[in-house]
Amino acid sequence: MHTRSFLLVPLITVILTGAAAAKVDLVTLPERDRVQLTIYNSADLTLVREERTLTLKKGINRLEFGWEGTLIDPTSVQLRAPKHSDHVRLLEVAFPPKIKGAAVWTVESDVNGPVPVEISFFTSGISWRAFYMGTLSGDEQTMRLQGYVRVENRSGEDYENAETRVIVGKIHLLDEIAELARRETPYGTPGYPEPRGQGLLITASDELKQKAYSQMAAAEEAADYAAATKSIVKEGMSEYFLYSIEGTESIPNGWGKRLPSFEVAAVPVENLFRFEEERYGSLAHRLIYFQNDEEHELGKEPLPDGKMKIFRDLGQDSHLSYVGEVYNKYIPMQQDLELDLGNATDVKVEPILMAEHTENYTFSNKGDITGFDRIQLWEIELQNNRNIPIRTEVWRNLSHAHWKIDNNASNKGTYEKVDVDSAKYVLDVEPNSAVRLKYTLTLYEGDCQYQR
Amino acid sequence: MKHLTSSLAITIVAILLQSGPAYARIKLVALPERENTVVRLDHPTVTLVEEERVLTLQEGVNQVDFSWNGVHVDPDSIRLAVLDHPDDVKLINVNYPPNAQALVWDIHSRSAQQERVRISYLLANIDRVVSYEMVTDKDETQLNLDSYLVLRNFSGEALTHVNFRLDYGEAFEKSIADGETKRMLFLEAPGLNIKKRLTFDAATQPWDPSKLDTNVGIPVHYEIANTPENRLGKHALWGGKVRLFQKDTLGSTIFLGEDNATYTPIGQDMKLYIGDSRDLVVTQRKLQEKQTNVRRNHRDHVILYDSLEIMQVEVANFKDRDSTITVLEPMPGEWEMIKTSHPYERKSANKVEFTIEIPAKDKVTLIYHYVRQNVRPV
């Protein structure tokens, strides 16, 4: 362990039965046999589970542990002895007054000798996030998709050879773990508001870092080539999804790590330029579509939310061009993914009202106007200033539900009435060219709405 | 290694396989130099750098430090591609040391070998802007266009012998220091045809300049077609600041003015506003508004009518040369043209455009008759 302060079970004091509670004997500090991290990303929360072998004596044992300088929630610390579950029990945890960051466990044991125990607790300060790199093929028909997990350890504690698992899902917490870790009294105090401690500054000395780094490197060296490219085992749990990284990882305090999560060589993608004035304003948006399913070489797991950087492979010697960055939300299996790359600079869509007139006036029995038809001639100019063909989608949202559209016979592409007040055109446009869609919109006003 | 200066640095450490716990990071003597660096300036705001380095790898896991102290690198954008032996050399992990702008790659190699890798990353605070200098002839029919690429490198990194690539054309090699700005001529297009266009927009300009104390200028534009016919049209013209000059008869030039050109795709016109002309005077008058086809309700109140209207636009050219003027006329919602003295083009439901030639020292009168239909009294 290479923390600036010691962590769990640094001292084991054996209390002589009957005698006054005095520290008489110091038992050897047990090393961690195994450590497992389960890192959440929707909250600053990591479940740490570690195995150590304690040497207990039959009867009552008192163990002192401290967490000073770490970001551990002391109320979450648990001790179990899975192999001796009927014979070893944690009877009591005492947080003595005026002592910060320390507690005394009372463990009752029927066993004399070494006992493997499992200690679990929550810590804050370890986080992970997903991010992606997408590389479009030259014709933009497929995309190489690489998913990564980036883990950061700012917990104040080094974790060596830790089994690392990350969890996707929204967790409901009453208190922030970081706040619990800062409390002067673990469960708060009755009667008056509790003063808050200072935030922790995580700094490690160079020497410490160097040592941690060397050990980490050594651990990696120990991994054989087969493990060189680690796989991540994925598993659905309740409302969560668990990603377990093969083997172990060493993440010293202060360090971050990027781990590959998955890679798909060629996800078939659809490119689309969408124009919808009410949603995007006067510029078309560039979108890339695919589905998180088998057909798209995906669908084995949900995709955690994260940023995706999109590049385009330029063909010659695999040189790249940068396209843009999008944030994509959590995508369950089978769901569509729509990557919105924002305003398109080289594709232009402009609807132009070319003419408008009214007709079919209706009158009341007093001769007043009660309704009429408003007829509008529209032309939509679509300009593709790119050197590859594109597909465009143009949404027309109408002011009310009473209307009809007559499309010009020369229009190419497809037209669809989507719902009561919107319609959609889909049209392919050749490279460096412009086309116009033409249609007549009839809006039924007043009484004319009732006559149809 | 220049860890103290702001620069991208790369260090290889091999882990010595000793028995026992003592492992050390060993710095190799030969630091790999950057080669074949490509800086791609095809994105409007973000610059991608690709560079190649030859790593001397030991058998087993190698640690390669990549640091960018003081350089604006986006850490999530860093990619490493193994070029020579992608099956034998694998990137296992990427580690980020604390409080450092650096990462450590764990690269596994099956044997001790030299390996070429390509490192790419997004670099901020380096970009390009484009500016133009154009000189027209005395008649304003032809123009020489020079386009400059201005590289601005404030990325924290000096780029030496780097291939810059735009979204078209050939790459060019340049060196640019950190904090340096360099301007380069990258397009020379002499003898382009231009069209000078004066525009009167009746929706925004005063109709009767004689009633005003100041002159009313008529905006003047040059139009340059980005087409192969005009010896352009190979790629879109980027937007940027344009300075316009005109040759005078004494072999010198005068400065006509400047404008911001907008991005001009192939096949479209670059429009440059060069100022206002005071030698053309436009006077517009509505000559008639006559209600016809009046419809009433049973209480004899007017509910709908049509309005027959006549508009007159008088253009006087005080120049000693012929001029062309574009007259933009706003139109009410529901209308029909009845007759016009000059042909017009319908731009939209609310706008028509006339193009009128006016001989030197002459005057032309445009008249158009139209009907506004189905007007409701307010």
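Numbered from 1 within each chain, the chains take letters A, B, ... in sequence-line order.
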Is [X] close to chain B through its backbone or its side chain, or both, or neither, when contacts mean heavy atoms under 4.5 Å?
X      : result
A/Q383 : side chain
A/Q376 : neither
A/K366 : both
A/L314 : side chain
A/R150 : side chain
A/V323 : backbone
A/D368 : both
A/Y148 : neither
A/L353 : both

State, with a plain yes or no, whether a side-chain heavy atom of B/L304 is found less than 4.5 Å away from one of A/Y361.
->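 Yes; the side chains approach each other to less than 4.5 Å.
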Could you check if a side-chain atom of A/H319 sits within less than 4.5 angstrom of a side-chain atom of B/R40, using non-hydrogen atoms only?
-> yes
What's the shortest heavy-atom distance between [X] and [Y], and which atoms?
X      : Y      : value
A/Y322 : B/L48  : N-CD2, 4.0 Å
A/W255 : B/V104 : CZ3-CG2, 4.3 Å
B/H298 : A/N365 : CD2-O, 2.7 Å
B/I78  : A/M133 : O-CE, 3.8 Å
B/A349 : A/E356 : CB-N, 4.4 Å
A/P260 : B/N93  : CD-OD1, 4.5 Å

Using 4.0 Å as the upper bound for N to carboxylate O, is an ion pair formed by B/D76 and A/R129?
->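 A salt bridge is present here (some side-chain N lies under 4.0 Å from a carboxylate O).
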Partners passing ring pair (Phe, Tyr, Trp, His ring centres under 6.0 Å) against A/H357 (at least two apart in sequence or in another chain) =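 With neighbours one apart ignored, the set is empty.
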Under 4.5 Å from any heavy atom of chain A - which part of [X]:
X      : result
B/S120 : side chain
B/P75  : both
B/K351 : neither

Among the listed options [options], the residue most often paired with chain A at heavy-atom distances under 4.5 Å:
options                        : answer
B/Q268, B/R296, B/H301, B/Q373 : B/Q268
B/D42, B/V94, B/N297, B/N374   : B/V94
B/N350, B/I266, B/L122         : B/L122

Just jot down the side-chain hydrogen bond (donor to acceptor under 3.5 Å, both in side chains) partners of B/N125, sequence neighbours excluded, or say none.
-> B/H72
With rounding to the nearest 0.5 Å, note down the distance linking CG in B/N95 to CG in A/L259.
-> 8.5 Å
Using a cut-off of under 4.5 Å for heavy-atom pairs, which of A/N387, A/T345, A/I369, A/N432 has the most such pairs with chain B?
-> A/I369
Backbone N or O of [Y] within a donor-acceptor pair of the [X] side chain at under 3.5 Å?
X      : Y      : value
A/N385 : B/P265 : no
B/R346 : A/M354 : yes
B/H43  : A/S321 : no

Axial cation check for A/F363 ring with B/R295, 6.0 Å and 45° limits |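 Geometry flag: not set, cation outside 6.0 Å or 45°.
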In terms of side-chain heavy atoms, does A/T135 have a donor or acceptor partner in B/R79 at a distance below 3.5 Å?
-> yes
